[in-house]
Trainee: 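Pasting in a structure now, in structure tokens, and then I'll have a few things to ask.
Lettering follows sequence order; numbering is per chain, from 1. A quick note: this is a predicted structure, and the numbers were derived from the prediction, not measured. Just so you know, these numbers use all the heavy atoms, side chains as well, and skip hydrogens, waters and symmetry mates.
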Amino acid sequence: MIDYDPKIVEEKWQKHWEKEKTFASHPYQGEKYYMLEMFPYTSGGIHIGHVRNYTIGDVVAHYKRMQGFNVLHPIGFDAFGLPAENAAIEKKIHPKDWTYSNIDTFRRQLKRLGFSYDWDREVITCDKDYYHWNQWFFLKFYEKGLVYRKKTPANWCSTCSTVLANEQVEQGKCYRCATPVTQKSLKQWFFKITQYADELLKEMKNMDNWPVAVKKMQDNWIGKSEGVQIDFSIFHNGEKLPVYTTRPDTVFGATYLVLSPSHPFSEKIAKKNPSLKSEIERMRQEQLIKGEVEKRGIFTNLWAINPVNKEKIPIWIANYVLMEYGTGAIMAVPAHDERDFEFAKKYNLPVRVVICPPDKNLHGENLEQSYVGEGKMVKSGKFSGMASDKARKEMSEWMKENKIGTFQVRYKLRDWCISRQRYWGTPIPIIYCSKCGTLPVPEKDLPVELPFNIKITGKGGSPLEKVKEFVQCHCPVCGEKAKRETDTMDTFVDSSWYFFSYASLKGDSFPFDSREAGYWMPVDQYIGGIEHAILHLLYSRFFTKALRDMGLVKIKEPFTRLLTQGMVVKDGAKMSKSKGNVVDPQDIIDRYGADTLRGFILFAAPPEADLEWKKEGLEGINRFLTRVWRLVTEYASNWKKKLEETYSENREGKEKELQKMVNKTIEKVTQDIEERFHFNTALACLMEFVNYLYLYPEKESLLFQESLQVLTTLLYPFCPHIAQELAERMGYKEDLCYLRWPEYRKKLLRSDKVTLVVQINGKLRDRFFITTRENKENVERKVLNRERVQKHIQGRCIKKIVHIPGKLINIVLD
RNA sequence: GCCGGAGUGGCGGAAUCGGUAGACGCAGUGGACUUAAAAUCCACUGGGUAAUUAAUGCCCGUGCCGGUUCGAGUCCGGCCUCCGGCACCA
């Protein structure tokens, strides 16, 4: 017997797979299955989180192939982005060289892990053949009115020297470097994702195979609310001052009105009234920094009229009202809104209760906190006495009829800002001509190539601005000298359509072939980290819908099923350089081999849970694989074409038991993959099977030979190298990935002896074997005669017997 | 604050539809092999209690309190803790 040497075995088969293109995909041949894992951003080398993501996907890809599906399982690289520029500054290496050298490392490591990718479909987003189509989409969106430019305060990260999309600001900090984000007014390009807000929301109802957590996060992010815009007016000149509220039922309780410091009317006041100007400016500054600030405001000396009761209420300007949402102005109802209550208490503004909870009366003067629940209307004109939820509808109707309010649907979702003042990204294909204005680059002039002759300093604005040859161009309309846009696109544009690119072999005049993409898309199973719950996944959904409306694809949604795998943690914390608890997959491969690494990652936890890294567990899997190796190399003889003994119905005794074991193992492994992706229990079951085979006495029998063959086949999706090698040693010369997955026979799972569990008053008291042929009465008589049962029921009265045939009897005593 | 998710041995985890809690692995203990060790193989392994019939028996045990049920880790109500997301969105 030869010892198990993973390095030799694994490299042998990796060479074979590469040479034979074993996992290449071909369209239109049978039922398709598109298995996709989120492609990696290639900074440095592969880390353990990638290995987990890709291992899970690889098991599914293998399994589906063996089920007879035509599988597409591609990979590529997310290659544009800021880290490349940072590396350029720190290491004096060109972003391009840094990126491609990382990609080489990544590709080598992915191959070393033996993942079954179709490498012919590889995509690298910084290749001009790829970003060409980002620009093309930009132009098409431009034609469709899905792109626009506006000057607006944007989220600014001073460390990255660029603006960020709303989705990239986490708790007021940059998602990448955690620098507090400030607001800076710049002219920016936007994709009109809000046009799809409602569809993005609605379609989620049909996405049953997405995790609830992700859907919930997107739901919150889109933030749909239904309310009423109520037109208040300014007392002295009657000018309209609309506010937006989701609680029109509280309108009689409005005791003051608040404007955002950035509201146009606030600006007007600031101009007229220098004494207020500095305070307004100060509040505006406070709003630039996200996060909780103490509520602050000033009275404008102006008054507004509440249209429902003609009441005169003071107009304030306060830092707790945002300009970006609603109308930038609110009616303040301190009795029924927490924020207004807090503000009213601070500035001693009146509190008027208009809704009382069912069980008591409230009074504004002594209210200790706002009441935001439902209840009975009071002090609300003709609506007094009505239930608040009913009043909400009726008052809205009434306001609409009297032309003082209109129904409104609002979203928190803002348009997607795609401008980045960075170098390493897709140039935005726009030309500014002093005569003709802002013009898209003609399609025939694409791609606008990113220049490589550049100095990255990290200082002083966009790097492209300083590249004369890039900036200077001619106007496509009048031919005069013009300037190019120097901002590049957010890299999330790249990842919003890469799955379409994989799904077709590239053409020269189109981003992808609609026919082939139509065959493969949508992605049947997508796997990635939960950190992309809103960013990448929302953008990709938006892109898919936009592409559908352009007639390029027919589908509404890109990803049918989504799995968000858990983190890999060590010593209770997420692996990170700063904590010094990083495990380098390469070290594990060198020491134990790829199959052991894959096996451990799959065995240690179910995919959606966090995984605790334990060196000892790794050794456990390695021991298991060694046991499989020894068993097969020692006892296996010839690979059989058909598993006759496994399914024969004429076995008795030990053989029958083994046969049952084989069928049970197939059943369990199949179900665990098929129904739940619980690879940990699938592997546990294979371990049990191996333990059983070790103790089985007749290792020369045909049935035992077949059992080894089944074991090898079932192991293949998890640890493909060792399985393929063992299959070959048994005489199987083909690739296991195209061998049909074994089936189990239900009939052979049943045995004629089962354990019957006996409970007395719900407590386990006895268990014994019965034959399945025995009738109910007979079994019950036997149970009652058991010594252990007798001991308990002596002198007591049997109230009831619960009998689940073949499983359990519960005797209920008084 | 709001919205998700999770709490099971010394540890990672299993129990899929309400029916034997702790599969499988790790760690640990004992034995076999060995001059010895490693490796390997075999067995035991939640806590407590009892020395009788020496086979096991009995009690407790899935974050806490209560409920439904013949029977609850699983269902219902109320808490506690941890993790993740959002956070002046009117």
Trainee: Can you measure A:L764 atom CG to B:rA15 atom P for me and round it to whole angstrom units?
Mentor: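 Taking atom P of B:rA15 as the reference, CG of A:L764 is at 21 Å.
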Trainee: Counting only side-chain nitrogens and oxygens, does A:R627 get under 4.0 Å of the OP1 or OP2 atom of B:rU40?
Mentor: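 For B:rU40, neither OP1 nor OP2 has a side-chain N or O of A:R627 closer than 4.0 Å.
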Trainee: Could you tell me the Watson-Crick or G-U partner of B:rG7, where both distances fall under 3.5 Å? Say none if there is no partner.
Mentor: B:rC80
Trainee: Locate the shortest heavy-atom distance separating A:N319 from A:E294; write the atom from each residue and the value.
Mentor: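 Smallest heavy-atom distance, with atoms named: ND2-O, 2.9 Å.
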Trainee: Determine the minimum heavy-atom distance between A:A254 and A:F232, stating which atoms define it.
Mentor: CB-CZ, 4.5 Å
Trainee: On the 0 to 90° scale, with breaks at 30° and 60°, tag the A:Y347-A:F343 ring pair as parallel, tilted or perpendicular.
Mentor: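 Taking A:F343 first and then A:Y347, their aromatic rings sit tilted (interplane angle of 30° to 60°).
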Trainee: Taking only side-chain nitrogens and oxygens of A:R676, does any of them come within less than 4.0 Å of OP1 or OP2 of B:rA15?
Mentor: yes
Trainee: Do you know which of A:D249, A:T250, A:T245 makes side chain to side chain donor-acceptor pair (under 3.5 Å) with A:R247?
Mentor: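 The residue from A:D249, A:T250, A:T245 that satisfies side chain to side chain donor-acceptor pair (under 3.5 Å) with A:R247 turns out to be A:D249.
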Trainee: Tell me which nucleotide among B:rG19, B:rC88, B:rU16 gets nearest to the side chain of A:N810.
Mentor: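 When the side chain of A:N810 is considered, B:rG19 is the closest of B:rG19, B:rC88, B:rU16.
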Trainee: So, are A:E374 and A:R392 salt-bridged, with charged N and O less than 4.0 Å apart?
Mentor: yes
Trainee: Between P on B:rA90 and CZ on A:R410, what's the gap in Å once rounded to a whole number?
Mentor: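 It is 11 Å, rounded to the nearest whole Å.
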Trainee: Do you know which two heavy atoms are closest between A:P261 and A:R284, and how far apart they sit?
Mentor: O-NH2, 3.7 Å
Trainee: How would you label the glycosidic angle of B:rG30: syn (within 90° of 0) or anti?
Mentor: anti
Trainee: Using a cut-off of less than 4.0 Å, is there contact between a side-chain N or O of A:K763 and OP1 or OP2 of B:rC60?
Mentor: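 Checking B:rC60 against A:K763, a side-chain N or O does come within under 4.0 Å of OP1 or OP2.
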Trainee: Base, sugar-phosphate, or nothing: which does A:K412 touch, judged by heavy atoms less than 4.0 Å apart?
Mentor: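 Since a base atom lies under 4.0 Å of A:K412, the category is base.
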Trainee: Counting only Watson-Crick or G-U wobble pairs whose two distances fall under 3.5 Å, which nucleotide matches B:rC41?
Mentor: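 Answer to the pairing question: B:rG31, which forms a Watson-Crick or G-U pair with B:rC41.
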Trainee: Using the P atom on both, measure B:rG4 against B:rG57 and round to a whole Å.
Mentor: 46 Å
Trainee: Which value, in whole Å, describes the distance between the C1' atoms of nucleotides B:rU56 and B:rC44?
Mentor: 16 Å
Trainee: Any side-chain N or O of A:S225 under 4.0 Å from OP1/OP2 of B:rA90?
Mentor: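 Yes.
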Trainee: Taking 4.0 Å as the cut-off, does a side-chain nitrogen or oxygen of A:N680 come that near to OP1 or OP2 on B:rA14?
Mentor: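 Answer yes for this pair, as a side-chain N or O of A:N680 is under 4.0 Å from OP1 or OP2.
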Trainee: Name the nucleic acid region contacted by A:V243, choosing base, sugar-phosphate or nothing; use a 4.0 angstrom heavy-atom cut-off, strictly under.
Mentor: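 Here A:V243 touches no strand at all.
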Trainee: If the glycosidic angle sits within 90 degrees of zero it is syn, else anti. Tell me which applies to B:rC70.
Mentor: anti
Trainee: Please pick, from B:rG85, B:rA90, B:rG12, the nucleotide with the shortest atom-to-atom distance to any side-chain atom of A:E612.
Mentor: B:rG12
Trainee: Side chain of A:T564, backbone of A:G529: donor and acceptor closer than 3.5 Å?
Mentor: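 A pair under 3.5 Å: no.
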Trainee: When you compare B:rA21 with B:rC88, how far apart are their C1' atoms, in angstrom units rounded to a whole number?
Mentor: 48 Å
Trainee: Once you round it to whole Å, what is the distance between P of B:rA72 and CG of A:N761?
Mentor: 11 Å
Trainee: Please check the phosphate of B:rC41 (OP1 and OP2 only) for any side-chain N or O of A:R630 closer than 4.0 Å.
Mentor: yes
Trainee: When the ring planes of A:Y692 and A:Y696 are compared, do they come out parallel, tilted or perpendicular, using 30° and 60° as the limits?
Mentor: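 Ring orientation, 0 to 90° scale: tilted.
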Trainee: Could you check whether A:E688 gets within reach of a base, just the sugar-phosphate, or nothing at all, counting any heavy atom under 4.0 Å?
Mentor: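 Sugar-phosphate, no base atom in range.
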Trainee: Using whole Å, what does the distance between atom P of nucleotide B:rU16 and atom CD of A:E667 come to?
Mentor: 14 Å
Trainee: If the cut-off is 4.0 Å, is A:Y325 near the phosphate of B:rA90, judged by side-chain N/O to OP1 or OP2?
Mentor: yes
Trainee: What contact category does A:G326 fall into here, base, sugar-phosphate, or nothing, at under 4.0 angstrom with non-hydrogen atoms?
Mentor: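 Result for A:G326 = nothing.
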Trainee: A:I530 CD1 to B:rG85 P: how many Å, rounded?
Mentor: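 Distance, rounded to whole Å: 9 Å.
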Trainee: Given that both distances must come in under 3.5 Å, which nucleotide forms a Watson-Crick or G-U wobble pair with B:rA55?
Mentor: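 Answer to the pairing question: none, since B:rA55 forms no Watson-Crick or G-U pair.
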Trainee: I'd like the C1' distance from B:rG84 over to B:rC65, given in whole Å.
Mentor: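 Roughly 27 Å separates the two C1' atoms.
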Trainee: With a 4.0 Å cutoff (strictly under), does any side-chain N or O of A:N691 reach OP1 or OP2 of B:rG25?
Mentor: yes
Trainee: Would you classify A:L695 as touching base, sugar-phosphate or nothing, given that sugar-phosphate means primed atoms plus P, OP1 and OP2, and contacts are heavy atoms under 4.0 Å?
Mentor: sugar-phosphate
Trainee: Is the NZ or CZ atom of A:R598 positioned over A:F718's six-membered ring, under 6.0 angstrom from the centre and within 45° of the axis?
Mentor: no
Trainee: Rounded to whole Å, how long is the line connecting atom CG of A:N622 with atom C1' of B:rA39?
Mentor: 12 Å
Trainee: Please confirm whether the shortest side-chain N or O distance from A:R623 to OP1 or OP2 of B:rA27 is below 4.0 Å.
Mentor: yes
Trainee: Under 4.0 Å between a side-chain N/O of A:K800 and OP1 or OP2 of B:rC70, yes or no?
Mentor: yes
Trainee: Taking the side chain of A:M217 as its heavy atoms from C-beta onward, which of B:rG85, B:rA14, B:rA27 lies nearest to it?
Mentor: B:rG85
Trainee: Just how far, in rounded Å, is P of B:rC26 from CG of A:L625?
Mentor: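 The distance from CG of A:L625 to P of B:rC26 comes to 12 Å, rounded to the nearest Å.
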Trainee: Kindly say if A:R765 contacts the phosphate of B:rC58, meaning a side-chain N or O under 4.0 Å from OP1 or OP2.
Mentor: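 For B:rC58, OP1/OP2 do have a side-chain N/O of A:R765 under 4.0 Å.
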Trainee: Which nucleotide sits closest to the side chain of A:K216: B:rU16, B:rC3, B:rC70?
Mentor: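 For the A:K216 side chain, the nearest candidate turns out to be B:rC3.
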Trainee: How would you label the contact of A:K799 with the nucleic acid (heavy atoms, under 4.0 Å): base, sugar-phosphate, or nothing?
Mentor: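 Nothing, no heavy atom under 4.0 Å.
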Trainee: Assuming nearest nucleotide by heavy-atom distance, tell me which of A:E787 and A:V812 is located more 5' along RNA chain B.
Mentor: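 Residue closer to the 5' terminus by nearest nucleotide: A:E787.
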Trainee: Taking N and O atoms by type only, does the side chain of A:K295 place a donor or acceptor under 3.5 Å from a partner on the base of B:rC88?
Mentor: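 Result: at least one qualifying N/O pair found.
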Trainee: If the cut-off is 4.0 Å, is A:H792 near the phosphate of B:rC58, judged by side-chain N/O to OP1 or OP2?
Mentor: yes
Trainee: Mind checking the C1' distance from B:rA23 to B:rG12? Whole angstroms is fine.
Mentor: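 My reading of the C1' atoms in B:rA23 and B:rG12 gives 13 Å.
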Trainee: Between A:Y694 (OH) and B:rC42 (P), how many Å, whole number?
Mentor: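 It is 8 Å, rounded to the nearest whole Å.
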Trainee: If you measure from the C1' atom in B:rA37 to the same atom in B:rG5, how many Å do you get, rounded?
Mentor: 48 Å
Trainee: Counting side-chain heavy atoms from C-beta on, which of B:rC11, B:rG19, B:rA90 comes nearest to A:V802?
Mentor: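 Of the options given, the side chain of A:V802 lies nearest B:rG19.
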Trainee: At 4.0 Å (heavy atoms only), tell me whether A:D610 reaches a base, stays on the sugar-phosphate, or touches nothing.
Mentor: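 The residue A:D610 makes sugar-phosphate contact but no base contact.
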Trainee: State which of B:rC3, B:rC24, B:rA14 makes the closest approach to the side chain of A:N220.
Mentor: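 Closest nucleotide among those given: B:rC3.
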Trainee: How far does the P atom of B:rC41 sit from the matching atom of B:rC24, given to the nearest Å?
Mentor: 15 Å
Trainee: So which one's nearest nucleotide on RNA chain B is more toward 5', A:E619 or A:K668?
Mentor: A:K668
Trainee: Between B:rG25, B:rA90, B:rG13, which one does the side chain of A:L322 approach most closely?
Mentor: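 Out of B:rG25, B:rA90, B:rG13, the nucleotide with an atom closest to A:L322's side chain is B:rA90.
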Trainee: Can you tell me, in whole Å, how much space there is between the C1' of B:rC86 and that of B:rC75?
Mentor: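 It works out to 31 Å between them.
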Trainee: Heavy atoms only: give me the nearest A:I355-A:S388 pair and the separation to one decimal.
Mentor: CD1-CB, 3.8 Å
